[in-house]
Amino acid sequence: MPELPDVEGFRRVLAEHAVGRRIERVEVSDPGVLRGVTACDFDAALRDHRFREPGRHGKWLIAGTSGPTVLMHFGMTGGLRWVDRGAPAARYDRVSFVASEGELRFEDMRKLQGIRLARDDDDVRKVIGALGPDALAVRPADFAHLLEERRGGIKAVLIDQEVIAGLGNLLADEILWRARINPRRPARDLTVTEQRALHTQMRRVLRASLITSRVPPRRSWLTGVRDQPAASCPRCGTALRRSTIGSRTTVWCPKCQEV
DNA sequence: TCAGTTGTTTATAT
DNA sequence: AATATAAACAACTG
């Protein structure tokens, strides 16, 4: 489910299929995913405009057009597909941007987040401006500085979108496991070596995940074994531990990631 | 029936 | 003030 690599995949769907296409109309089958705008106004604002090259910041997809900008957040279950015109609706299709060559479909089972309409750059900034730098763009020195400013545990800091944008639960656990850092270590207590390791592993995990547009559940990765009933560390074989941090399940290796 | 789910926000507690 | 936790959102799955 959507973390930075997944959203980057959705960005590519838009970039490969929808850029330059004229939006004939927007069909809203469930207005529950539209935030701060009615289906009628949304359609009217976008009609006859063309998609431009899309951007992304953290988990937000920034879909610019020749008119307003569409901001999409996929929550835990959202997705974006390009389909033939008039293709049968999937179970959780909520909004369809109809062009003459095909349709861009926003789907989302749980509707935890949704779609916003930004009428100008200022509207975009209201949403994106609250976020920290994108996880793929942050430089090592800035990364270290961000960690030193925070008092909380390192995992809570990594998934805080106002610190760094794009990391979710799976990515944070995977990155900490690779960097051999305990998720409850205070962020400001990390040594310079640990800060560097964390940044390096963050980039490495993200780059690998971008290829498949998801955190790959390979058995050599924490992500590949974390949901097994008696999961053991792919690196050392020690039984993995589970606990809850920030109300989400955290998995780590008590041997590789000693406090 | 119950617990759990890869995201975010809000209320409450520390 | 900052940090941590739980609940809520909605709709499933095992």
Side-chain angles (χ1 to χ4, degrees), chain A residues 1-10 29-36 56-61 71-80 89-95 106-116 126-132 134-135 146-178 182-190 202 205-206 208-210 212-218 221-231 240-252:
Chain A
M1 310 295 141
E3 300 180 78
L4 188 155
D6 310 76
V7 179
E8 182 61 22
F10 302 143
S29 50
D30 188 339
V33 299
L34 294 183
R35 304 301 165 107
R56 181 193 55 74
H57 190 105
K59 301 172 191 174
W60 283 93
L61 176 59
L71 299 174
M72 302 187 195
H73 195 298
F74 299 89
M76 288 171 71
T77 52
L80 198 64
R91 177 73 186 82
Y92 300 110
D93 282 352
R94 309 297 189 184
V95 173
F106 178 90
E107 62 182 341
D108 192 355
M109 179 178 75
R110 288 173 67 180
K111 299 184 282 187
L112 291 175
Q113 294 297 320
I115 300 177
R116 292 170 183 277
K126 277 177 201 153
V127 175
I128 307 300
L131 303 175
D134 187 81
L146 287 167
L147 300 188
E148 284 161 5
E149 280 181 328
R150 291 302 180 123
R151 287 164 177 282
I154 183 62
K155 168 154 182 186
V157 171
L158 287 181
I159 62 178
D160 185 339
Q161 303 299 298
E162 294 185 17
V163 180
I164 297 165
L167 305 182
N169 197 39
L170 286 192
L171 281 170
D173 281 3
E174 186 72 45
I175 292 163
L176 287 166
W177 174 73
R178 287 182 173 231
N182 187 280
R184 292 205 189 257
R185 281 278 300 284
R188 53 159 44 176
D189 290 356
L190 297 191
M202 177 173 77
V205 170
L206 284 172
S209 301
L210 285 175
T212 46
S213 298
R214 62 184 298 204
V215 188
R218 303 180 56 181
W221 288 42
L222 181 70
T223 305
V225 303
R226 60 178 295 152
D227 292 330
Q228 294 172 1
L240 294 175
R241 299 271 286 274
R242 307 170 71 86
S243 71
T244 299
I245 295 179
S247 78
R248 43 182 46 80
T249 303
T250 299
V251 179
W252 81 97

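By convention in this document, chain letters (A, B, ...) are assigned in the order of the sequence lines, proteins followed by strands, and residues within each chain are numbered from 1.
- Contact check, A/Q161 against B/dG7: no side-chain N or O comes under 4.0 Å of OP1 or OP2.
- One interatomic measurement links the two molecules: CD of A/Q113 to P of C/dA8, which rounds to 18 Å at whole-angstrom precision.
- The interatomic distance linking A/D173 (CG) with B/dT5 (P) rounds to 11 Å, in whole Å.
- To the nearest angstrom, C1' of B/dA3 lies 12 Å from CZ of A/R242.
- Using a 4.0 Å heavy-atom criterion, one finds that A/T249 contacts the sugar-phosphate atoms exclusively.
- Because its NZ or CZ atom is not both nearer than 6.0 Å to the ring centre of A/W252 and within 45° of the ring axis, A/R242 does not count as a cation-pi partner of that residue.
- Computed from coordinates, the A/L171 CG to B/dG7 C1' distance equals 13 Å when rounded to whole Å.
- Taking side-chain N and O atoms only, A/H73 has a distance below 4.0 Å to OP1 or OP2 of B/dT8.
- Contact check, A/R248 against B/dG7: a side-chain N or O comes under 4.0 Å of OP1 or OP2.
- The separation of B/dT8 from C/dA1, taken at their P atoms, amounts to 25 Å, rounded to a whole angstrom.
- Residue-level contact check: A/R35 touches neither bases nor backbone, having no heavy atom under 4.0 Å from any strand.
- Rounding to the nearest 0.5 Å places CD1 of A/I128 at 5.5 Å from CG of A/L71.
- Heavy atoms of A/R214 sit nowhere under 4.0 angstrom from any nucleic acid atom.
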Considering only nitrogen or oxygen atoms on both sides, find all protein atoms under 3.5 Å from nucleotides 4-7 of chain C and state each distance.
residue, atom, partner, partner atom, Å
C/dA4, OP1, A/G153, N, 3.3

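- A/Q161 places a side-chain N or O within 3.5 Å of a backbone atom of A/I159 that can act as its donor or acceptor partner.
- A straight line from NZ of A/K155 to C1' of C/dT3 spans 16 Å, rounded to a whole angstrom.
- As a whole-Å value, the separation of A/L131 CG from B/dG7 C1' is 13 Å.
- The main-chain N or O of A/D30 is never found under 3.5 Å from a side-chain atom of A/R94 such that the two would form a donor-acceptor pair.
- Residue A/R150 places its side chain closer to C/dT3 than to any other of C/dT3, C/dA11, B/dG7.
- Contact annotation: side chain of A/R110 to base of B/dT5, donor-acceptor pair present below 3.5 Å.
- Between A/H73 and A/W60, the ring-plane angle classifies as perpendicular under the 30° and 60° cut-offs.
- A/E8 has a carboxylate O that lies under 4.0 Å from a charged side-chain N of A/R56, or vice versa, which qualifies the two as a salt bridge.
- With the 3.5 Å cutoff on both pairing distances, Watson-Crick and G-U pairs in DNA chain B assemble into runs of at least 3 at B:2-5 with C:11-14, B:7-14 with C:2-9.
- Nucleotide C/dA10 holds its P atom 12 Å from the CG atom of A/D108, rounded to whole Å.
- Of the candidate nucleotides C/dA11, B/dT8, C/dT3, B/dT8 has the atom nearest to the side chain of A/K59.
- Between the CG atom of A/L112 and the C1' atom of B/dT9 there is a distance of 11 Å, given to the nearest Å.
- No option in A/N182, A/D173, A/D160 other than A/D173 meets the side chain to side chain donor-acceptor pair (under 3.5 Å) test with A/K155.
- The shortest side-chain heavy-atom distance between A/L4 and A/D134 falls under the 4.5 Å cut-off.
- Judged purely by atom type and a 3.5 angstrom limit, A/D6 uses its side chain to pair as donor or acceptor with the backbone of A/E3.
- Side-chain contact check for A/L206 versus A/P5: some heavy-atom pair is nearer than 4.5 Å.
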